[in-house]
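Since the structure comes first, as structure tokens, the remarks are kept for the end.
Just so it is clear, the values below take in all heavy atoms, side chains as well, and ignore hydrogens, waters and symmetry mates. The structure presented is a predicted model; accordingly, all values stated were derived computationally and were not measured. Every chain is numbered from 1, with letters handed out A, B, ... down the list of sequences.
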Amino acid sequence: MYLRAADKRAKSIARSLSDLAEQEASSRAEAEILAARRHKLDELRERGVDPFPYSFTDPEPEPIADVRAAYDELPAGEETDERRRIAGRLASRREQGGMAFLDLVDRSGRIQLQAKSDVLSQEQFSLISELVDLGDLLGIDGRVFVSQRGELTIQIEQVTLLAKALRPPPDKRHGLQDPETKYRRREVDLLSNEESRAVFIARSHIIAAFRRELNADGFLEVETPTLQTLYGGAAAEPFVTHHNALDRTLYLRIAPELYLKRCLVGGLERVYEIGKNFRNEGLSPKHQPEFTSIEWYEAYAEYHKAADRTEHLVRAAAEAAGYDYTAEGAIRFDLPWRRVTFVEVVEEATGIDLLAHLGYAVGDGQFEIVDANGDPTGELVDQDEFLRRAVKAKPKVAKEIDNLDQLTWPQLADELLGTFVEPALIQPTFILDHPVELSPLAKRHRTIDGLTERWEAYANGQEIANAFSELNDPDEQRRRFEAQTRYSEGGDAEAQPYDEAFVQALEQGMPPAGGVGVGIDRLVIMLTRSKTIRDVILFPALREN
RNA sequence: GCCCUCGUAGCUCAGUUGGUCAGAGCAGCGGACUUUUAAUCCGACGGUCCCCGGUUCGAGCCCGGGUGGGGGCACCA
């Protein structure tokens with residue numbers, strides 16, 4: 001009787017081949033593969049088997065990992081009378097005449113199945129051997145035993161087709177490898193690569209850890225606009241769009257910061273938001289146009305407290321991801337993070353004291369140059385030129401800096417940090433007290449002129465977090481915005497726009513606060529040991545193909 | 001935006017100086033096989049060598065352009 005089925009199959013394949021070849025298949029080989037599965041779909045329906053039933057929940061199947069855990073002590077050859085119900089995708093098949101071994105994969109793991117012709121009805125056995133393909137979704141009721149080779153196995157007593165796969169899965173050994181296809185057809189990557197599934201499971205656990213820890217400390221999760229009438233809270237170029245009914249320009253947010261501070265003004269006191277930000281900039285292994293951040297704001301705290309909380313949260317995230325601190329090159333999020341000031345760390349790396357000019361001030365923003373012996377030369381320059389001279393005195397440093405003569409003091413300070421310090425910051429490090437010009441939303445440093453109470457946290461050579469003692473003096477904030485407006489008029493596309501609604505909110509009275517933003521994607525890259533941001537974002541932005 | 005690099009069967013990959021170079025494994029198809037796990041064995045099939053143009057007696061291979069991926073620079077998190 002199987003011969004008759006094979007006969008019918010040959011005819012049916014011939015029939016559907018011509019259809020498929022015209023439609024979607026790009027080659028005869030592909031058309032044959034698709035036609036064979038289409039035929040089996042027809043044959044299933046002819047036999048009265050629903051290839052797409054509604055559910056498999058009575059009773060619920062167990063996660064495969066739970067079944068494995070329950071029997072991990074059984075010795076090879078052990079038989080049991082225990083029944084288990086599982087469900088998943090058929091990943092592999094090893095046939096041996098009247099018997100076959102199959103591998104079933106679900107979200108939690110993989111397990112071996114056994115189908116025997118003398119255990120199953122003829123109908124059920126032929127379903128498995130003739131009409132079920134790799135990639136199909138199956139529900140299994142069966143009996144637990146351990147094979148002679150010691151593999152925990154479910155002997156199938158009842159198989160239920162849960163969904164027919166009409167396209168073949170990738171290579172069963174290598175999975176889907178082509179990076180382009182992995183990103184464009186992530187579902188195929190996920191179903192065929194356990195490592196990819198593991199990354200996104202870890203990502204979910206990382207975000208859940210932030211939520212859990214912040215909620216436990218009395219923080220409220222809030223949602224603020226992603227479509228904003230004015231963008232702010234970071235230095236970046238926005239996406240611009242238009243709302244028809246309101247007939248106005250809207251921007252996709254580049255950061256939630258300003259709205260979250262307005263929540264502080266409103267008395268919510270401890271708030272956080274996890275969500276997407278959008279920046280209209282280039283793509284790279286570290287950049288995507290939409291990315292996920294978490295920002296939290298804590299009233300009555302300042303930036304040292306914010307650093308303590310960041311250490312705690314990131315450590316909790318690492319644990320949630322199952323990060324292995326004993327592995328080669330591990331980043332020790334579990335140890336206290338190094339804390340060093342911007343000025344100290346730049347001097348350590350380059351020998352240049354960013355604040356040296358302060359000792360030679362002669363008033364009116366002028367500073368007197370001294371010679372190599374420290375003797376005054378009488379030459380007066382501004383702060384920018386003073387630092388440029390210091391850099392030029394170190395040729396090894398100067399040759400790494402492009403357009404040295406065009407750079408202002410804060411730009412040059414940032415450049416020195418980025419070039420000589422950041423790449424070497426593998427272990428978690430807080431860099432504290434940034435120049436005020438680089439930090440328009442941070443409070444001035446309580447003791448050092450020209451600096452702010454800000455830190456950026458680095459690990460693996462990348463920035464992972466940014467925080468301030470939040471500026472809450474509305475008049476000072478207004479002056480900072482005005483300075484940004486001047487940079488903007490000077491051609492800086494990323495200078496922050498003046499936000500009067502935000503300043504008025506500060507006039508209402510914002511409590512002193514510490515605020516932190518963490519780039520979730522980059523943290524996930526590190527905690528899952530991924531190579532690029534595309535590997536931790538399910539559906540990354542790509543060119544149209 | 002600029003520079004470098006890659007694109008071969010549904011999937012994973014070979015392909016030498018330009019001359020049996022249209023190849024293998026997996027998957028699929030037909031068959032054998034009741035403890036395998038990269039199952040094994042036999043058989044037949046399967047190709048827009050990314051696209052367009054050029055050089056050449058001859059191009060998967062060389063050249064030009066395009067396109068998509070990857071890497072780097074710049075900008076940024």
Residues in side chain to side chain contact (heavy atoms under 4.5 Å, CB included) contact with Arg529(A), at least two apart in sequence or another chain
Tyr323(A), Asp324(A), Ala327(A), Ala330(A)

Can you tell me, in whole Å, how much space there is between the C1' of C33(B) and that of G19(B)?
46 Å

Taken to the nearest whole Å, NZ/Lys116(A) to P/U36(B) is 12 Å

Do any pairs count as a salt bridge (Lys or Arg N to Asp or Glu O under 4.0 Å) and have a residue in residues 408-418 of chain A, sequence neighbours left out, and if so which ones?
none

Could you measure between the two C1' atoms, the one in C52(B) and the one in C41(B), and give it in whole Å?
47 Å

Show me the side-chain donor-acceptor pairs of residues 460-468 of chain A shorter than 3.5 Å, one per line, residues at least two apart or across chains.
unit_1    : atom_1 : unit_2    : atom_2 : d
Asn466(A) : OD1    : Arg454(A) : NE     : 3.0
Asn466(A) : OD1    : Arg454(A) : NH2    : 3.3

Between G1(B) and C45(B), how far apart are the P atoms? Round to whole Å, please.
49 Å

With rounding to the closest Å, how many angstrom separate the C1' atoms on C62(B) and C57(B)?
16 Å

In whole Å, what separates the P atom of C63(B) from that of U55(B)?
15 Å

Categorize Gly175(A) for me: base, sugar-phosphate, or nothing, with a 4.0 angstrom heavy-atom threshold over every strand shown.
sugar-phosphate

Any ion pair linking Glu130(A) and Arg47(A) (charged N to carboxylate O, less than 4.0 Å)?
yes

Starting at atom CG of Leu134(A), determine the distance to atom P of U37(B), rounded to an integer number of angstrom.
16 Å

To the nearest Å, give me how far apart CZ (Phe101(A)) and C1' (U36(B)) are.
5 Å

Atom pairs under 3.5 Å, N or O on each side, protein against nucleotides 39-41 of chain B: can you list them with distances?
unit_1 : atom_1 : unit_2    : atom_2 : d
A39(B) : OP1    : Lys172(A) : NZ     : 2.1
A39(B) : N7     : Glu95(A)  : O      : 3.2
A39(B) : N6     : Glu95(A)  : O      : 2.6

When rounded to the nearest Å, what value does the distance between P atoms of C75(B) and G64(B) take?
31 Å

Does any nucleotide pair with U40(B) by Watson-Crick or G-U wobble geometry, both distances under 3.5 Å, and what is it?
A32(B)

Euclidean distance for P, G72(B) against U36(B) (whole angstrom)
47 Å

Tell me every residue that passes side chain to side chain contact (heavy atoms under 4.5 Å, CB included) with Leu137(A), counting only those two or more places apart in sequence or in another chain.
Arg89(A), Leu162(A), Ala163(A)

Apply side chain to side chain contact (heavy atoms under 4.5 Å, CB included) to Glu195(A) and list each qualifying residue two or more places apart in sequence or on a separate chain.
Asn193(A)

Of the nucleotides G25(B), U34(B), U35(B), which one has an atom closest to the side chain of Asp171(A)?
G25(B)

In the strands shown, is G58(B) matched to any nucleotide by a Watson-Crick or G-U wobble pair with both distances under 3.5 Å, and which?
none

List every contact pair, protein side and nucleotides 68-74 of chain B side both N or O, where the distance is under 3.5 Å.
unit_1 : atom_1 : unit_2    : atom_2 : d
G68(B) : OP1    : Glu544(A) : O      : 3.4
G68(B) : O3'    : Arg184(A) : NH2    : 2.9
G68(B) : O2'    : Glu180(A) : OE1    : 3.0
G68(B) : O2'    : Glu180(A) : OE2    : 2.4
G69(B) : OP1    : Arg184(A) : NH2    : 3.4
G69(B) : OP1    : Arg543(A) : N      : 2.8
G69(B) : OP2    : Arg543(A) : NH1    : 3.3
G69(B) : O4'    : Glu180(A) : OE1    : 3.2
G70(B) : OP1    : Arg534(A) : NE     : 2.8
G70(B) : O3'    : Arg534(A) : NH2    : 3.4
G71(B) : OP1    : Arg534(A) : NH2    : 3.0
G71(B) : OP2    : Arg534(A) : NH2    : 2.5

Tell me the interatomic distance from Leu120(A), atom CG, to U34(B), atom C1', rounded to whole angstroms.
13 Å

Side chain Asp133(A) and base G28(B) donor-acceptor under 3.5 Å
no

Excluding sequence neighbours, so at least two apart, what forms salt bridge (charged side-chain N to carboxylate O under 4.0 Å, His left out) with Glu273(A)?
Arg253(A)

With salt bridge (Lys or Arg N to Asp or Glu O under 4.0 Å) as the rule and sequence neighbours excluded, what pairs involving residues 63-79 of chain A come up?
Glu79(A)-Arg143(A)

Between A59(B) and G15(B), how far is it from one C1' atom to the other, in whole Å?
14 Å

Between CG on residue Asp103(A) and CD1 on residue Ile111(A), distance to nearest 0.5 Å:
9.5 Å

Using a cut-off of less than 4.0 Å, is there contact between a side-chain N or O of Arg149(A) and OP1 or OP2 of U37(B)?
yes

For U20(B), give its Watson-Crick or G-U wobble partner with both distances under 3.5 Å, or none.
none

Does Arg203(A) come within less than 4.0 Å of Asp521(A), counting only side-chain N to carboxylate O?
yes

Roughly, in whole Å, what's the span from CG in Leu131(A) to P in C29(B)?
10 Å

Between C1' on C11(B) and CG on Asn193(A), what's the gap in Å once rounded to a whole number?
11 Å

